[in-house]
Amino acid sequence: MNDDSPVKDFSCMDDYDPNSLPANVALDRIKSSLSAVRGEIKVPVRSALNNVLAEHIQSTMNVPSAVNSAMDGYALSATDIPGEGTKELSVVGTSWAGIPLNRPVKSGECARIMTGGILPEGTDTVIIQESVERLDDVIRIASGTGQGDNVRQIGEDIAVGDQVLALGTRLTAADLGLLASLGIGEVSIKRKIRVAFFSTGDELRSLGESLDEGSVYDSNRYTLYGMLTRLGCDLLDMGVIRDKREDIEAAFLAAAENADVVITSGGVSVGEADFVKETLDKLGQVEFWKVAMKPGRPLAFGRVKNACFFGLPGNPVSVMVTFYQFVQPALRKMMGETRTEVMCMKVPSASRLKKRPGRLEYQRGIMERDKQGQLVVRKTGAQGSGILSSMSQANCFIILPIESSTVEVGALVDVQPFFGLV
Ligand code: AMP
Ligand code: MG
């Protein structure tokens with residue numbers, strides 16, 4: 001194979017598995033098979049926080065609606081500002097925020113004005129109070145202020161007819177303020193999606209139960225609860241389901257009956273897959289994938305009755321990684337959000353990151369400033385898929401591409417900050 005061949009030479013890649021699916025292909029398949037749920041409701045603006053807007057919002061007014069001052073100072077006509085030397089102007093009144101000065105200001109005059117005060121007729125400029133010498137009812141000014149300085153023009157934030165928020169926007173605190181600044185009290189949002197989830201495994205115990213030998217507490221339902229809640233889903237927590245044919249089948253049926261999405265963890269790795277697969281083959285159309293990524297290699301995706309189904313791996317870190325990388329964008333698309341990509345940036349690594357080519361890796365990282373004030377990322381320590389404390393300590397994923405081998409200190413790596421979901 002020559003050097004510029006588009007086909008990668010994977011022969012040297014220890015972890016390369018020709019039957020595995022690249023992560024981006026898996027994500028594309030998932031996203032292209034889903035669409036936004038139908039249904040919207042009208043709610044007061046505050047209740048719309050973190051929900052997805054179901055209408056385009058156009059402004060019916062100008063913000064600001066009148067020319068007003070951006071500073072405390074004196075309003076005057078720019079023609080009264082001297083080119084050189086100083087000039088004295090008489091102060092004829094005050095324009096407060098909310099209490100305008102109801103008389104015109106003539107040449108040779110000015111008005112005291114507060115931030116937010118409307119510019120009186122005859123004025124177009126504000127000189128800040130720090131640049132003025134005040135002598136009783138007269139001020140002395142010099143050059144240095146230009147026409148229109150320290151003034152907010154009509155509609156400079158938002159003009160009549162501007163589209164301020166697009167359908168499909170997830171509403172932030174700034175958006176609520178923006179809506180309020182336009183006098184909009186109610187908006188139409190997409191209905192919440194309902195997500196049923198359960199854990200599978202004979203070894204799992206719920207909180208409150210005692211641990212016998214070989215059993216572990218079910219943590220996946222808690223990480224899933226947290227991430228789904230932060231995404232703004234309605235939840236149906238169905239608990240732990242034993243590895244028993246009838247129980248699994250009943251759980252899948254109940255989940256699909258009552259939710260838009262069904263998420264399970266565990267039971268999709270080789271050895272267990274046949275059993276869950278059998279149930280899913282009977283109830284829906286589900287594909288079992290081996291994704292070329294670490295952690296989180298096994299993943300099931302498809303449809304059970306009318307619900308969309310994600311079968312996540314059992315290991316606690318794998319659950320969070322596959323949720324973040326696949327389920328999150330999919331659910332956001334179902335929720336009607338138009339922008340679902342997750343932000344990524346390049347940051348120098350402060351750790352040596354061991355890796356073999358062949359699989360995309362999501363290592364857990366801590367982004368911080370080093371002693372020189374430079375943004376760097378270091379790994380959290382052991383990177384096993386069962387080490388949930390690595391997710392707790394991390395504030396980002398370090399994404400190492402499929403072909404990458406060990407990364408040395410100082411090399412730039414792709415980093416994906418958690419942004420509140422984890
Ligand atoms: P599995 O994919 O079912 O073979 O599970 C892989 C590993 O993840 C095993 O060590 C399980 O005990 C563990 N595991 C599976 N489900 C959970 C869960 N809900 N909470 C914590 N650990 C789990
Ligand atoms: Mg299991």
Side-chain angles (χ1 to χ4, degrees), residues 17 20-21 23 26 195-229 233 235-252 254-255 259 261-281 286-302 304 309-328 359 361-362 364 380 382-394 422:
D17 177 344
S20 64
L21 201 60
V195 181
F197 60 107
F198 58 87
S199 301
T200 66
D202 286 334
E203 77 283 23
L204 302 179
R205 299 289 175 269
S206 294
L207 296 188
E209 293 178 351
S210 56
L211 283 187
D212 39 329
E213 207 188 337
S215 61
V216 293
Y217 283 120
D218 171 12
S219 59
N220 290 344
R221 268 189 309 129
Y222 289 82
T223 50
L224 285 174
Y225 165 86
M227 293 187 291
L228 288 164
T229 300
C233 303
L235 303 188
L236 181 61
D237 181 346
M238 298 180 60
V240 175
I241 309 296
R242 301 278 157 239
D243 290 323
K244 221 172 111 199
R245 198 168 304 245
E246 308 82 70
D247 291 5
I248 296 247
E249 186 169 331
F252 272 121
V261 180
V262 178
I263 301 176
T264 64
S265 71
V268 290
S269 44
V270 186
E272 296 176 302
D274 286 345
F275 176 56
V276 177
K277 194 170 185 302
E278 202 180 285
T279 311
L280 289 168
D281 278 343
V286 175
E287 291 180 51
F288 286 76
W289 295 336
K290 222 168 5 161
V291 184
M293 64 187 273
K294 186 180 172 184
R297 187 188 287 243
L299 184 69
F301 172 72
V304 178
F309 169 69
F310 293 91
L312 307 184
N315 277 308
V317 179
S318 308
V319 166
M320 295 196 81
V321 171
T322 48
F323 184 95
Y324 203 91
Q325 304 302 333
F326 302 114
V327 184
Q328 167 183 219
R359 285 206 266 170
E361 276 194 32
Y362 295 94
R364 272 73 68 208
T380 53
Q383 295 286 320
S385 59
I387 300 180
L388 191 54
S389 57
S390 71
M391 281 299 296
S392 171
Q393 288 158 18
V422 168

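For ligands, and for the atoms within them, numbers begin at 1 and follow the listed sequence.
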Are [X] and [Y] close enough that some pair of their side-chain heavy atoms sits under 4.5 Å apart?
{"X": "Tyr222", "Y": "Leu207", "answer": "yes"}
{"X": "Val240", "Y": "Arg242", "answer": "yes"}
{"X": "Phe323", "Y": "Met227", "answer": "yes"}
{"X": "Val216", "Y": "Leu204", "answer": "yes"}
{"X": "Phe326", "Y": "Val291", "answer": "yes"}

Does [Y] offer a backbone N or O that forms a donor-acceptor pair with the side chain of [X] under 3.5 Å?
{"X": "Asp218", "Y": "Arg205", "answer": "no"}
{"X": "Arg359", "Y": "Arg297", "answer": "no"}
{"X": "Thr229", "Y": "Tyr225", "answer": "yes"}
{"X": "Glu209", "Y": "Ser206", "answer": "yes"}

Should the pair Arg221-Asp237 be classified as a salt bridge under the 4.0 Å nitrogen-to-oxygen rule?
yes
Ignoring angles and geometry beyond distance, decide whether [X] reaches within less than 3.5 Å of ligand 1 through its nitrogen or oxygen atoms.
{"X": "Pro316", "value": "no"}
{"X": "Thr200", "value": "no"}
{"X": "Arg221", "value": "no"}

Of the protein's non-hydrogen atoms, which lies at the shortest distance from [atom], and what is that distance?
{"atom": "atom 11 (C) of ligand 1", "answer": "Glu203 OE2, 3.0 Å"}
{"atom": "atom 19 (N) of ligand 1", "answer": "Asp218 OD1, 2.6 Å"}
{"atom": "atom 4 (O) of ligand 1", "answer": "Glu272 OE1, 2.8 Å"}
{"atom": "atom 10 (O) of ligand 1", "answer": "Asn315 OD1, 4.2 Å"}

Scanning both residues in full, the closest heavy-atom pair of Pro298 with Pro313 reads O-CG, 3.2 Å
Taking 4.0 angstrom as the limit and counting only heavy atoms of [X], give me the atoms of ligand 1 inside it, by number and element.
{"X": "Gly266", "result": "2 (O), 3 (O)"}
{"X": "Tyr217", "result": "20 (N), 21 (C)"}
{"X": "Ser199", "result": "19 (N)"}

Please work out which of Leu224, Thr223, Asn220 has its closest non-hydrogen atom nearest to atom 16 (N) of ligand 1.
Asn220
Option whose closest heavy atom lies nearest to atom 20 (N) of ligand 1, chosen from Ser215, Gly314, Gly214, Ser219
Ser219
Excluding water, the protein N, O or S atoms sitting under 2.8 Å from the Mg ion (ligand 2) are Glu272 OE2
Tell me if the aromatic rings of Phe252 and Phe198 count as close, with their centers under 6.0 Å from one another.
yes
Below a 4.0 angstrom heavy-atom separation, can you tell me which part of Leu204, side chain or backbone, both or neither, approaches ligand 1?
side chain
